[in-house]
Amino acid sequence: MTDRLIIFDTTLRDGEQSPGASMTREEKIRIARQLEMLRVDVIEAGFPAASNGDFEAVRAVAGIIKESVVCGLSRANEKDIHRAGEALRDAEAGRIHTFLATSPIHMEKKLRMQPDQVVEAAVKAVKLARNYRDDVEFSPEDAGRSEIDFLCRILEQVIAAGATTINVPDTVGYTMPEQFGGLIRTLRERIPNSDKAVWSVHCHNDLGLAVANSLSAVMNGARQVECTINGLGERAGNASLEEIVMAVRTRRDFFPCDTRIETTQIVPSSKLVSSITGFPVQPNKAIVGANAFAHESGIHQDGVIKNRETYEIMRAEDVGWTQNKLVLGKLSGRNAFKQRLKELGIELATEEAMNAAFARFKDLADKKSEIFDEDLQMLVSDEAASHLGEHYKLVSMMVHSETGEVPMARVVMAEEGSEKHAESNGSGPVDATFRAIETIVTSGAELQLFSVNAITSGTDAQGEVTVRLKRDGRIVNGAGADTDIVVASAKAYINAVNKLHSKQERAHPQV
Ligand code: KIV
Ligand code: ZN
């Protein structure tokens with residue numbers, strides 16, 4: 001009998017705390033739907049007390065997701081717990097996750113509380129949370145640097161108060177795998193009521209050990225791992241979901257547990273999170289990096305041709321890498337388009353959105369003979385972006401770029417029905433385009449990131465551009481795709497400007 005390892009995904013909460021990864025409510029909903037298809041057990045959708053925007057995002061996710069538990073984070077105080085409880089009101093299965101720091105440095109310098117006060121506040125918070133939900137998680141923040149006797153004392157009391165999951169965070173990524181595994185074992189052995197709760201871990205990657213520490217904890221009895229897609233998260237990030245899941249799945253002979261994750265949804269999840277946050281995935285990243293299954297050396301290629309298992313311990317298709325499958329072409333009709341979106345798990349909210357997406361598909365098919373799943377996913381992302389309440393729209397553009405000449409761009413944009421024209425020079429065609437757009441929108445924002453990725457292979461592939469803009473401490477990401485990367489850049493810039501303009505976009509909770 002293998003135990004279930006609960007996968008608690010915190011991409012929408014801890015992942016979102018990466019500077020620059022702030023998401024809108026719509027973006028959170030799209031990622032939450034994808035996480036549900038991935039079959040994660042728990043989705044931590046946000047921190048409702050952090051901002052009204054995050055409250056609304058958690059509420060929206062709670063109202064939509066049916067197959068995963070939806071969780072909201074709260075500090076151990078009344079106001080936060082009421083906000084989390086309210087945000088989760090419509091959840092079919094909801095969890096309140098409350099936390100309070102327990103390390104000497106956090107209690108003394110940050111909280112300015114005595115250990116007795118910390119125990120009292122934690123117990124009170126858990127009891128209050130239980131008035132809203134039967135499913136309550138408590139985290140002693142900075143457990144990795146907390147004193148063991150104090151941890152045993154507080155955790156015994158919060159379990160008695162009704163906490164059903166105890167999550168042990170290595171908040172600053174300080175512990176070593178053997179030490180962290182030992183911590184979990186000691187806590188489970190020493191706390192008399194430890195069998196009344198599920199033991200969970202939440203490891204940060206400051207020393208590159210988040211996955212190793214989490215797996216060591218699993219070997220010592222942890223049955224929930226908190227992790228994120230692509231390892232996104234504060235500073236160096238959290239344990240990466242795909243690495244945890246595939247380690248446990250690939251080494252079923254070693255681990256006493258397995259997950260219910262639908263592993264073929266791993267790569268689509270990674271791509272979606274990367275495209276929404278603008279955080280590219282490094283090519284050599286395990287499982288989801290572009291080179292994770294590529295064999296360059298002749299000896300390796302020869303071995304793989306003779307027997308795949310000579311150099312591969314997992315199958316690329318099992319984690320969702322597809323062979324750039326040709327799915328649709330210029331002559332495909334509306335039904336085939338709709339059917340393929342359905343197979344990809346993409347639902348468009350209205351018939352109008354479907355019509356608009358189909359029109360974009362026809363435009364794309366005119367420019368590009370073969371349309372792949374990745375193109376469809378990007379096309380629908382573009383469609384979702386266009387429903388953000390576009391204040392500015394790109395009507396047309398022209399770019400002149402010639403060796404020895406100064407590049408020039410001319411853009412026509414619509415601002416609430418009226419057309420505006422501008423032109424500008426620049427150090428390159430993209431720079432000239434951004435300057436021309438800026439002449440119209442006058443956002444004054446600082447460009448923090450510009451990245452281009454090919455969505456599929458071939459010179460007729462669509463380029464996906466991400467632009468990150470910062471203004472008055474507020475950071476937004478814009479994305480755009482087109483077979484012409486200068487047009488994709490213009491779309492991405494305008495998408496980001498529209499987010500700055502829209503009230504929907506919320507500030508990063510820690511700004
Ligand atoms: O890293 C941490 O300690 C956290 C807690 C809120 C669980 O993110
Ligand atoms: Zn964290």
Side-chain angles (χ1 to χ4, degrees), residues 6-19 21-22 42-51 54 58 69-77 80-81 83-84 87 95-107 109-111 118 121-122 125-126 129 135-146 150-151 154-155 158 163-175 180 183-184 187 197-211 213-214 217 222 224-241 244 277 508-510:
I6 298 169
I7 294 296
F8 176 114
D9 180 279
T10 182
T11 307
L12 299 179
R13 198 278 298 168
D14 211 318
E16 201 204 15
Q17 286 174 214
S18 315
S22 183
V42 187
I43 298 173
E44 189 164 50
F47 189 169
S51 69
D54 219 15
V58 175
V69 175
V70 178
C71 176
L73 183 70
S74 70
R75 285 165 295 190
N77 66 48
D80 275 32
I81 291 167
R83 287 298 270 172
R95 172 182 298 184
I96 297 181
H97 175 193
T98 184
F99 72 99
L100 192 57
T102 49
S103 63
I105 181 168
H106 276 231
M107 289 193 290
K109 307 283 182 209
K110 182 182 84 171
L111 299 176
V118 170
V126 168
D135 188 353
V136 171
E137 172 170 326
F138 176 76
S139 293
E141 192 191 7
D142 204 16
R145 293 189 298 170
S146 299
F150 183 60
L151 273 183
I154 189 168
L155 295 181
V158 292
T164 45
T165 298
I166 296 296
N167 177 50
V168 182
D170 182 16
T171 304
V172 290
Y174 178 72
T175 61
F180 193 64
L183 172 64
I184 300 303
L187 291 171
V198 173
W199 287 82
S200 166
V201 289
H202 174 113
C203 297
H204 278 271
N205 207 28
D206 300 67
L207 293 172
L209 292 170
V211 170
N213 283 342
S214 306
Q224 173 177 288
V225 172
E226 301 199 353
C227 44
T228 57
I229 303 290
N230 300 339
L232 206 65
E234 283 265 9
R235 306 181 308 279
N238 289 71
S240 117
L241 179 146
I244 298 281
T277 58
H508 183 275
Q510 295 188 332

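Atom set for the values below is all heavy atoms of this structure, side chains included, hydrogens, waters and symmetry mates excluded. We count ligands from 1, going down the list as the structure has it; atoms in each ligand are counted the same way.
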ask   = Between T171 and ligand 1, does any nitrogen or oxygen pair lie at a separation below 3.5 Å?
value =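 Yes, at least one N or O pair falls under 3.5 Å.
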
task = Report yes if H97 has an N/O atom closer than 3.5 Å to an N/O atom of ligand 1; otherwise report no.
result =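 Between H97 and ligand 1 (N or O atoms, distance only) the closest approach is not under 3.5 Å.
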
Spacing of [X] atom [atom1] and [Y] atom [atom2] [to the nearest 0.5 Å]:
{"X": "L73", "Y": "E44", "atom1": "CG", "atom2": "CD", "answer": "5.0 Å"}
{"X": "D135", "Y": "H97", "atom1": "CG", "atom2": "NE2", "answer": "11.5 Å"}
{"X": "L100", "Y": "N77", "atom1": "CG", "atom2": "CG", "answer": "9.5 Å"}
{"X": "F138", "Y": "T165", "atom1": "CZ", "atom2": "OG1", "answer": "13.0 Å"}

task = Output the atom name for the N/O/S atom of D14 with the smallest distance to the Zn ion (ligand 2).
result =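 D14's closest N, O or S atom to the Zn ion (ligand 2) is named OD2.
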
query = Please state the angle at the Zn ion (ligand 2) spanned by NE2 of H202 and NE2 of H204: what is it, rounded to 10 degrees?
reply =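 The two atoms form an angle at the metal of about 100°.
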
key: Which of the ligand 1 atoms, numbered from 1, are nearer than 4.0 Å to a heavy atom of E141   =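 Listed by number with element, the hits are 3 (O).
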
request  = For H204, counting its heavy atoms only, list the atoms of ligand 1 lying under 4.0 Å from any of them.
outcome  =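 Near H204, the atoms of ligand 1 are 1 (O).
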
ask   = What's the shortest heavy-atom distance between T98 and A125, and which atoms?
value =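 Reported closest heavy-atom pair: OG1-CB, 3.9 Å.
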
request  = Determine whether the side chain, the backbone, both or neither of E234 has a heavy atom under 4.0 Å from any heavy atom of ligand 1.
outcome  =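 For E234, there is no contact with ligand 1 at all, from either part.
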
query = Side chain or backbone of D14 under 4.0 Å from ligand 1, or both, or neither, by non-hydrogen atoms?
reply =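 Answer for D14: side chain.
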
ask   = Is the shortest distance from a heavy atom of R13 to ligand 1 less than 4.0 Å?
value =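 Right, R13 reaches ligand 1.
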
message = If you define the side chain from C-beta out and look only at heavy atoms, does anything of D142 sit under 4.5 Å from Y174?
response =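 No, too far: nothing below the 4.5 Å cut-off.
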
